[in-house]
Amino acid sequence: LRARRRARADFADWRAEHKLMNGLTRKALAVRMHAAAELAAIDSELRRERKRFEASFQAWEKRMRKSLLSRKPSMDWVPQLHPQTGEPYFFNIATGEVRRSHPNTRQADAVAERQRKLAHAQMNERFARIAEYKQGVEAAAEVVREDCAARAEELRAELLASRYARSRKVAQPGISATAN
């Protein structure tokens, strides 16, 4: 009879421990899964943002170049056609310099480079804030995991203490439960 009671008590303890630990495990797993999903969404959004940035910057650069190159060059530059090939080129009357490209391309290149640096600085600043957010998500998930692990250890200790107390009562049948 005692062996059956002991087996039932052990099974009840195992079941209680399993239920408690299962809940903690589920919580830790759910937090880990949500954190992983959030981090994946952040990475995906960063990739999309980089693509959007490049596309919009290229569109802006194309409009800017078109605007600068549609302007007439300074009075010193004269557009010419090569007599043998028929290709256009520009001749500077003051310096005698010859260019195949429009004289305003240097200005367009300088403006594009300056604006790209500014845009990259702003984008990197934003990505740094997003990286801090990612670290916060990872840290929060780790805190929850550690809390669940600590709570699981506390529960195991409580269950072991209750098992020990129950085994002491069973080992000393002459002592009543109210005598403690």
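Just the heavy atoms: all of them, side chains too, but no hydrogens, waters or symmetry mates, feed the values below. Just so it is clear, the model here is predicted, and its values are computed rather than measured.
The shortest side-chain heavy-atom distance between Val111 and Met64 falls under the 4.5 Å cut-off.
Of the charged side-chain nitrogens involved, at least one lies within less than 4.0 Å of a carboxylate oxygen, so that Arg65 and Asp109 count as a salt-bridged pair. Ion pairing between Glu132 and Arg129 fails under the 4.0 Å rule for side-chain N and carboxylate O. In summary, Arg52 and Glu45 engage in a salt bridge, as defined by a charged side-chain N under 4.0 Å from a carboxylate O. A salt bridge is absent between Arg63 and Glu61; no separation between the charged side-chain nitrogens and carboxylate oxygens falls under 4.0 Å. Ionic pairing of Glu54 and Arg116 is present here: one or more N-O contacts between side-chain nitrogen and carboxylate oxygen are shorter than 4.0 angstrom. Between Lys134 and Glu138, none of the side-chain N atoms (NZ, or NE/NH1/NH2) sits under 4.0 Å from a carboxylate O, so this pair counts as no salt bridge.
Heavy atoms only, all atoms of each residue included: Phe53 and Ala119 are closest at CE1-CB, 3.3 Å. In terms of heavy atoms, Phe90 sits closest to Ser101 at CD1-O, 3.4 Å. Residue His82 comes nearest to Tyr89 through the heavy atom pair N-CE2, 3.5 Å, listed as atom of the first residue, atom of the second, then distance. Scanning all heavy atoms of the two residues, the minimum distance from Gln80 to Phe91 falls at CG-CB, 4.2 Å. Contact detail for Ile130 and Ile42: the closest heavy-atom pair is CG2-CG2, 3.5 Å. The shortest heavy-atom contact between Arg71 and His102 is O-NE2, 3.4 Å.
Cys148 contributes atom SG, which lies 13.0 Å from atom CZ of Arg26 (distance to the nearest 0.5 angstrom). To the nearest 0.5 Å, the span separating NE2 on His34 from CG on Leu39 amounts to 13.0 Å. For the atom pair CD (Glu154) and CG (Asp147), the distance works out to 9.5 Å, reported to the nearest 0.5 Å. Summarising the geometry, atom CG belonging to Asp43 is positioned 11.0 Å from atom CZ belonging to Arg48; distances are rounded to the nearest 0.5 Å. Between the CG atom in Asn104 and the CZ atom in Arg106 there is a gap of 11.5 Å [rounded to 0.5 Å]. Taking CD of Gln122 as the reference point, atom CZ of Phe127 lies at 12.0 Å (rounded to 0.5 Å).
Side-chain N or O atoms of Asp76 include none that pairs as donor or acceptor with a backbone N or O of Asn92 at under 3.5 Å. Although no hydrogens or angles enter the test, the distance criterion places no donor-acceptor pair under 3.5 Å between the side chain of Ser44 and the main chain of Ala40.
Within 6.0 Å of CE in Met33 there are 12 or fewer heavy atoms belonging to other residues, nucleotides or ligands. Under a cut-off of 6.0 angstrom, the local environment of CZ in Arg50 is crowded, with over 12 non-hydrogen atoms contributed by other residues, nucleotides or ligands.
Under the 4.5 Å side-chain contact rule for hydrophobic residues, Leu46 and Met123 share a cluster. Residues Trp77 and Val98 do not share a hydrophobic cluster, defined by chaining ILVMFWY side chains whose heavy atoms lie under 4.5 Å apart. Placement of Leu29 and Val144 in two distinct hydrophobic clusters is found when ILVMFWY residues are connected by side-chain heavy-atom separations under 4.5 Å, directly or transitively.
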